[in-house]
Amino acid sequence: MAKYEPLSRHLRTATHPVSMTFLEISRLIGGLPPSAYVHRAWWANSRTHVEAQAWLELGHRVEDVDLRRQVVRFS
């Protein structure tokens, strides 16, 4: 979870809903895995995914993922 703490901090202070590019998230956490770019499931709102805990523990959810544009929207 420590890797995703910068994302949690960002989401904690952001006005919601918030859209972020994959590049913005990658810069915050020191890189996204290749699967984040090709598998919508990586962005699933599942507590079994370590990355999802960064937003779920704050009460946020991934509302939409656009793999082509590489944008995710949190609510």
Side-chain angles (χ1 to χ4, degrees):
M1 176 69 181
K3 175 179 179 169
Y4 299 99
E5 182 58 32
L7 176 58
S8 290
R9 281 194 307 270
H10 179 80
L11 292 174
R12 191 176 294 120
T13 61
T15 302
H16 290 279
V18 62
S19 292
M20 297 180 72
T21 65
F22 291 7
L23 181 59
E24 290 171 317
I25 295 170
S26 183
R27 286 179 176 161
L28 279 175
I29 65 170
L32 283 169
S35 57
Y37 295 89
V38 294
H39 299 291
R40 185 173 308 280
W42 191 90
W43 300 97
N45 293 306
S46 172
R47 293 208 180 268
T48 62
H49 294 186
V50 174
E51 65 278 3
Q53 293 174 24
W55 57 83
L56 292 173
E57 288 182 359
L58 297 172
H60 302 303
R61 298 184 61 74
V62 168
E63 203 173 283
D64 186 48
V65 178
D66 186 329
L67 295 175
R68 186 185 57 78
R69 291 181 46 229
Q70 298 186 344
V71 175
V72 62
R73 185 174 64 238
F74 298 94
S75 62

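What's counted below: heavy atoms across the whole structure, side chains too, no hydrogens, waters or symmetry copies. Source: prediction; values computed, not measured. Residue indices begin at 1 and follow the sequence shown.
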* Of all residues at least two apart in sequence or in a different chain, which pass the side-chain hydrogen bond (donor to acceptor under 3.5 Å, both in side chains) check with Thr48? -> Ser46
* For Phe22, ring-ring contact (aromatic ring centres under 6.0 Å, His included) partners two or more places apart ->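 By the ring-ring contact (aromatic ring centres under 6.0 Å, His included) rule, Phe22 matches Tyr37, Trp43.
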* Nearest 0.5 Å please: distance from the CE atom of Met20 over to the CG atom of Leu7. => 6.0 Å
* Please answer: with hydrophobic residues joined when any side-chain heavy atoms are less than 4.5 Å apart, are Val50 and Ile29 in the same cluster? =>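 Yes.
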* Asked: Can you name the closest pair of heavy atoms from His49 and Ala44 and give their distance?
  ->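 Where His49 meets Ala44 most closely, the heavy atoms are CE1-CB, 3.9 Å.
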* **Contacts of Ser35 that satisfy side chain to side chain contact (heavy atoms under 4.5 Å, CB included) - sequence neighbours left out** => Pro33, His39, Trp42
* Asked: Mind checking what makes side chain to side chain contact (heavy atoms under 4.5 Å, CB included) contact with Arg12, not counting sequence neighbours?
  -> Glu5, Ser8, Arg9, Leu58
Name each donor-acceptor pair under 3.5 Å that joins a side chain in residues 59-71 to protein atoms two or more places apart or in another chain, with its distance.
from: His60; atom 1: ND1; to: Ser75; atom 2: O; distance (Å): 3.2
from: His60; atom 1: NE2; to: His16; atom 2: NE2; distance (Å): 3.2
from: Glu63; atom 1: OE1; to: Ser75; atom 2: OG; distance (Å): 3.1
from: Glu63; atom 1: OE2; to: Arg73; atom 2: NE; distance (Å): 2.8
from: Glu63; atom 1: OE2; to: Arg73; atom 2: NH2; distance (Å): 3.1
from: Asp66; atom 1: OD1; to: Arg68; atom 2: N; distance (Å): 3.1
from: Asp66; atom 1: OD1; to: Arg69; atom 2: N; distance (Å): 2.8

* Is there a donor-acceptor pair under 3.5 Å between the side chain of Lys3 and the backbone N or O of Gly31? -> yes
